[in-house]
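The basis for the numbers below is simple: all heavy atoms, side chains too, and nothing from hydrogens, waters or symmetry mates.
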Amino acid sequence: MYTFSNRLKIGSIILMAVGLLGIIGGFVMAPGTVEEAKAIVASHDEGHGDVHGAEASHASPESDHTVVEEHGTSHDQHLLDQLKNKPWAALYVAAFFFMMIALGVLAFYAIQRAAQAGWSPLLFRVMEGITSYLVPGGIIVFVILLLSVLHMNHLFIWMDESVVAHDALLQGKSGYLNPTFFLIRAAIFLAGWIGYREYSRKLSLQQDESDDNENFKLNFRISAGFLVFYLISESIMSWDWIMSVEPHWFSTLFGWYIFASMFVSGITVIAMVTIYLKSKGLLPDVNDSHIHDLAKFMFGISIFWTYLWFSQFMLIWYSNIPEEVTYYVTRIADYRLPFFGMVAMNFLFPVLLLMNSDYKRINWFVIMTGIVILAGHYMDIFNAIMPSTVGDQWFIGIPEIGAVLFFAGLFIFWVFRALSTAPLQPKRNPFIEESRHFHY
């Protein structure tokens, strides 16, 4: 049985402590007044000129004085709201990103169970350990959503009644986008995901001690049923938790797009954790062919993600419909580096590094590619959330780094603690021998 080493435990706790300080620092440094917000922006605009001031200079000081003054007041308040949102948005992006890794692994695990795959049973305990993070990760995301409903932040503008009162489009969507129904959906999704994970894990452990395959068969049936629930709930979740931060825009591909991102991120983490455990002398029956297959999935799903990204981007950009193309105009104008950078990280790097079949068997090569993929998909979620919550007032600072460190520490602590609670290799899975002798 795997022993959760003190070194890893202490390291994860240190990450959480440092990250928590960064999160707290982000909230402490957030401006409380318009004057403080202006000072923060001025400090970041030094050497770049005052764009807003230049825009204001075009207004006529006589005929347009009142309009400019009202616009300036409105802009200042909007600026304050954006900077207040920054620590919340940084927290939400990191919380969602690590939760979606566990959810992506859960989907991959259910697919392996439903398909009765013969190559992967040796990796089931690794997947079960990673999916254990759904409990704390899902609860944290739900708490952030609850705090949004309670108006502790302004991440979702459709939750602001004063905004909805002057927006006909949001009024038309209020039957679906309303706080009560929003939280009910979130609770149902989390209950379904966590419920399946816990029950499937229970059956998996019981199968080790059983003298028949009834637990295995039941796990097969519930995994097949869960995949139906997952495909529906994941799509709605992506609309609710990400797309609705910009409620005037929508894409029919968005559910699949977020699925591809969480799926490849989850598979990447499976490969990285497996390689780490194998390097410690654990998982002795896992061979290079298992790593090769995981790397193939990393390669293939990265291309699938790129296909969805390009399909969504190209159709919207080419059609040039104002209410649709604004989504990309904003990101290209204000987020050019993270927007195009994450495409390179999520497509070019995996394709170039993992195209060669031999490289898929080199552990350090897979780890290096995995780090790039995870960073790229964090930026993907960053690009989805930040433009609608903080506008052009973004930068990678203390709140963003602190949130990533905190959730990375919590993720490592929770996953490896879960891995230490049961043997890392199943004993009585009907396909365990096929998995042991798997060779590509």
> Mind checking the CZ-CZ spacing from Phe313 to Phe339? Nearest 0.5 Å is all I need.
5.5 Å

> Side chain to side chain donor-acceptor pair (under 3.5 Å) between Trp305 and Asp380: does it pass, once the steps are laid out?
CA-CA 11 Å; Trp305 174 90; Asp380 189 14; 3.2 Å; yes

> Kindly compute the distance separating CD1 (Ile188) from CG (Leu183), expressed to the nearest 0.5 Å.
11.0 Å

> Output, in order, the C-alpha distance, side-chain angles, deciding distance and verdict of side chain to side chain donor-acceptor pair (under 3.5 Å) for His290 and Asn287.
CA-CA 6 Å; His290 293 99; Asn287 57 50; 3.2 Å; yes

> Looking at OG of Ser261 and CH2 of Trp309, how far apart are the two atoms once the value is rounded to the nearest 0.5 Å?
13.5 Å

> Measure from the side-chain N and O atoms of Ser319 to the backbone N and O of Ile316, and report whether any donor-acceptor pair falls under 3.5 Å.
yes

> Measure centre to centre between the rings of Trp414 and Phe98, then say whether the value is under 6.0 Å.
no

> Below 6.0 angstrom between ring centroids: does that apply to Phe108 and Phe297?
yes

> Which word best sums up how the rings of Phe156 and Tyr92 line up, parallel for under 30°, tilted for 30 to 60°, or perpendicular for over 60°?
perpendicular

> Can you confirm whether or not the ring centre of Phe407 sits under 6.0 Å from the ring centre of Tyr378?
no

> Per the side-chain contact (heavy atoms from CB on, under 4.5 Å) rule, which among Leu103, Ile381, Ile385 passes with Phe96?
Ile381

> Within 45° of the ring axis of Tyr327 and under 6.0 Å from its six-membered ring centre, is that where the NZ or CZ of Arg331 lies?
yes

> Checking Tyr276 against Phe416 for the ring-ring contact (aromatic ring centres under 6.0 Å, His included) test, could you report, in this order, the C-alpha distance in whole Å, the side-chain angles of both residues, the deciding distance, and whether it holds?
CA-CA 11 Å; Tyr276 171 80; Phe416 283 91; 5.5 Å; yes

> Report yes if the distance between the aromatic ring centroids of Trp317 and Tyr328 is under 6.0 Å, otherwise no.
no

> Less than 4.0 Å between a side-chain N and a carboxylate O, is that true for Arg125 and Glu128?
yes

> Closer than 3.5 angstrom, by distance alone: can the side chain of Trp394 be matched with the main-chain N or O of Asp334 as a donor-acceptor pair?
yes

> Might you point out which heavy atoms bring Ala187 and Phe142 nearest each other, and give the distance in Å?
N-CE1, 3.9 Å

> State, yes or no, whether a side-chain contact exists between Thr330 and Trp249 at a heavy-atom distance under 4.5 Å.
no

> Quick check: closest heavy atoms across Val366 and Ala295, and the distance to 0.1 Å?
CG2-CB, 4.2 Å

> Test: side chain to side chain donor-acceptor pair (under 3.5 Å). Region: residues 397-409. Which pairs qualify, not counting sequence neighbours?
Lys86-Glu400

> Main chain of Ile275, side chain of Asn363: is a donor-acceptor contact present, judged purely on distance under 3.5 Å?
no

> So which pairs with a foot in residues 159-168 pass side chain to side chain donor-acceptor pair (under 3.5 Å), sequence neighbours left out?
Asp160-Ser162, Asp167-His248

> Is the shortest side-chain heavy-atom distance between Tyr109 and Phe226 below 4.5 Å?
no

> Mind telling me whether Tyr230 and Trp193 have parallel, tilted or perpendicular rings, with 30° and 60° as the class edges?
tilted

> Quick one: CE on Met237 to CE on Met262, what's the gap to the nearest 0.5 Å?
3.5 Å

> Where is the tightest heavy-atom contact between Ile373 and Ser302, given as atom of each residue plus distance?
CD1-OG, 4.1 Å

> Taking all heavy atoms of Leu294 and all of Ile267, pick out the closest pair and write down the distance.
O-CG2, 3.7 Å

> Strictly under 6.0 Å, is that where the ring centroids of Trp119 and Phe431 end up?
no

> Set out, in order, the CA-CA distance, both residues' side-chain angles and the distance that settles side chain to side chain donor-acceptor pair (under 3.5 Å) for Tyr196 and Ser223, then state yes or no.
CA-CA 8 Å; Tyr196 165 73; Ser223 296; 2.7 Å; yes

> For the pair Ser435 (side chain) and Leu122 (backbone), establish whether a donor and an acceptor sit closer than 3.5 Å, ignoring hydrogens and angles.
yes

> Where is the tightest heavy-atom contact between Asn219 and Ser204, given as atom of each residue plus distance?
ND2-N, 3.8 Å

> Does the gap between the ring centers of Phe263 and Phe259 come in under 6.0 Å?
yes

> CD1 of Ile24 to CD1 of Ile398: how many Å apart, nearest 0.5 Å?
12.5 Å

> Does Tyr176 have Arg185 sitting over its ring (NZ/CZ under 6.0 Å from centre, angle to axis within 45°)?
yes

> What's the shortest heavy-atom distance between Ser132 and Val415, and which atoms?
OG-CA, 4.1 Å

